[in-house]
Amino acid sequence: GAVVSQHPSRVICKSGTSVKIECRSLDFQATTMFWYRQFPKQSLMLMATSNEGSKATYEQGVEKDKFLINHASLTLSTLTVTSAHPEDSSFYICSARVNSNQPQHFGDGTRLSIL
Amino acid sequence: AQKITQTQPGMFVQEKEAVTLDCTYDTSDQSYGLFWYKQPSSGEMIFLIYQGSYDEQNATEGRYSLNFQKARKSANLVISASQLGDSAMYFCAMREGLKGSARQLTFGSGTQLTVLP
């Protein structure tokens, strides 16, 4: 149980394109979802926390207009990288949990490459 | 100050041997949880083991055990009988108890483990 599906797994696109990444909890309802960014050989850095039906809480230094997060239902959160540039190239991972007393379950990540 | 510190950027171990990956943490909360995740080169984060701050016994899951020393604020991961498939990046993470409702995970910098045949 507790499967989180993230799609797409890999994206290659031109600079200036907006890219949407989906994170779905397949067999549980996720009141909270988290979006992380990971550069090669580095740790996961939390970008934002989203709760279903409310605005996401962004970490310091993360541009909310650049990284749009929508958590419209208990099973789906989306991250849209708007007008992506090469410096946005990274590995993006989402995670989801039922509530604050439950563990976080991770998606398989999305490798984003901006040319 | 770093909340989670992993001092070993890289570790090597011979197949079938045991290996300990170090993790120390910093928190003022009384209630917290410690996690270990494995990240193979394919990128997915695989949950390995969990230790709650109030758990009196060290957590074990198959070949994984957590050496929890609360007074030293350390939560080392021990992998017994290493296998080639254990080669991966390993992250220690902490979830603090009472600060806000989010209680998100904070990750260490990771240790790249290589198992040698």
Side-chain angles (χ1 to χ4, degrees), chain A residues 1-11 21 23 30-52 54-60 62 69 71 90-113, chain B residues 2-11 21 23 25 29 31-55 59 61 66 87-114:
Chain A
V3 176
V4 176
S5 173
Q6 190 172 336
H7 178 80
S9 58
R10 188 172 190 106
V11 180
I21 303 169
C23 181
T31 55
T32 306
M33 289 187 172
F34 303 89
W35 287 95
Y36 294 85
R37 183 174 182 174
Q38 185 182 29
F39 290 107
K41 300 191 185 300
Q42 293 190 22
S43 188
L44 280 72
M45 299 302 297
L46 181 67
M47 299 175 66
T49 302
S50 75
N51 290 298
E52 184 264 339
S54 61
K55 289 183 179 181
T57 301
Y58 289 81
E59 295 299 301
Q60 193 172 12
V62 178
I69 291 172
H71 192 163
S90 189
F91 189 60
Y92 294 86
I93 311 178
C94 73
S95 71
R97 70 178 188 209
V98 175
N99 57 50
S100 61
N101 293 317
Q102 298 296 317
Q104 286 179 223
H105 304 284
F106 285 83
D108 287 348
T110 298
R111 291 196 189 279
L112 176 61
S113 300
Chain B
Q2 292 280 347
K3 283 186 175 290
I4 296 283
T5 302
Q6 293 180 254
T7 57
Q8 307 153 316
M11 287 282 285
L21 306 183
C23 174
Y25 60 92
D29 285 351
S31 175
Y32 52 89
L34 298 157
F35 302 76
W36 277 92
Y37 286 87
K38 171 185 178 182
Q39 187 180 41
S41 57
S42 50
E44 70 269 29
M45 293 289 284
I46 302 168
F47 166 72
L48 297 178
I49 197 166
Y50 166 79
Q51 179 86 41
S53 58
Y54 293 119
D55 295 342
E61 288 287 347
L66 202 151
S87 294
M89 183 73 102
Y90 288 80
F91 289 100
C92 179
M94 177 173 65
R95 184 173 67 195
E96 293 173 280
L98 301 177
K99 291 182 182 177
S101 61
R103 298 185 66 201
Q104 66 268 28
L105 290 176
T106 302
F107 287 87
S109 55
T111 296
Q112 179 69 48
L113 176 67
T114 303

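In what follows, chains carry the letters A, B, and so on, assigned in the order in which the sequence lines appear, proteins first and then strands, with residues in each chain numbered from 1.
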*Asks:* Can you pull out the residues in residues 106-114 of chain B with any heavy atom less than 4.5 Å from chain A?
*Replies:* B:Phe107, B:Gly108, B:Ser109
*Asks:* Please tabulate, for the side chains in residues 38-46 of chain B, all donor-acceptor contacts under 3.5 angstrom to protein atoms that are two or more places apart in sequence or on a different chain.
*Replies:*
unit_1: B:Lys38; atom_1: NZ; unit_2: B:Gly85; atom_2: O; d: 2.8
unit_1: B:Gln39; atom_1: OE1; unit_2: A:Gln38; atom_2: NE2; d: 2.9
unit_1: B:Gln39; atom_1: NE2; unit_2: A:Gln38; atom_2: OE1; d: 2.8
unit_1: B:Gln39; atom_1: NE2; unit_2: B:Gly43; atom_2: O; d: 2.9
unit_1: B:Ser42; atom_1: OG; unit_2: B:Glu44; atom_2: OE1; d: 2.5
unit_1: B:Ser42; atom_1: OG; unit_2: B:Glu44; atom_2: OE2; d: 3.3

*Asks:* Side chain from CB out, backbone as N, CA, C, O: work out which of these in A:Gln104 comes under 4.5 Å of a heavy atom of chain B, or both, or neither.
*Replies:* both
*Asks:* For the CZ atom of B:Phe47 and the OG atom of A:Ser95, what is their distance to the nearest 0.5 Å?
*Replies:* 13.0 Å
*Asks:* Tell me, yes or no, whether the heavy-atom count around B:Met11 atom CE, taken from other residues, nucleotides or ligands under 6.0 Å, exceeds 12.
*Replies:* yes
*Asks:* For B:Leu105 and A:Tyr36, work out which heavy atoms get closest and say how close.
*Replies:* O-OH, 3.7 Å
*Asks:* Non-hydrogen atoms of chain A under 4.5 Å away: do they reach the side chain of B:Tyr37, the backbone, both or neither?
*Replies:* side chain
*Asks:* Contact part of A:Leu46 toward chain B, heavy-atom cut-off under 4.5 Å: side chain, backbone, both or neither?
*Replies:* side chain
*Asks:* Kindly write out the residues that satisfy ring-ring contact (aromatic ring centres under 6.0 Å, His included) with B:Tyr54, not counting sequence neighbours, or none if the list is empty.
*Replies:* none
*Asks:* Taking ring-ring contact (aromatic ring centres under 6.0 Å, His included) as the definition, give me every residue that meets it alongside B:Tyr25, ordered by chain and number, with sequence neighbours left out.
*Replies:* B:Tyr32
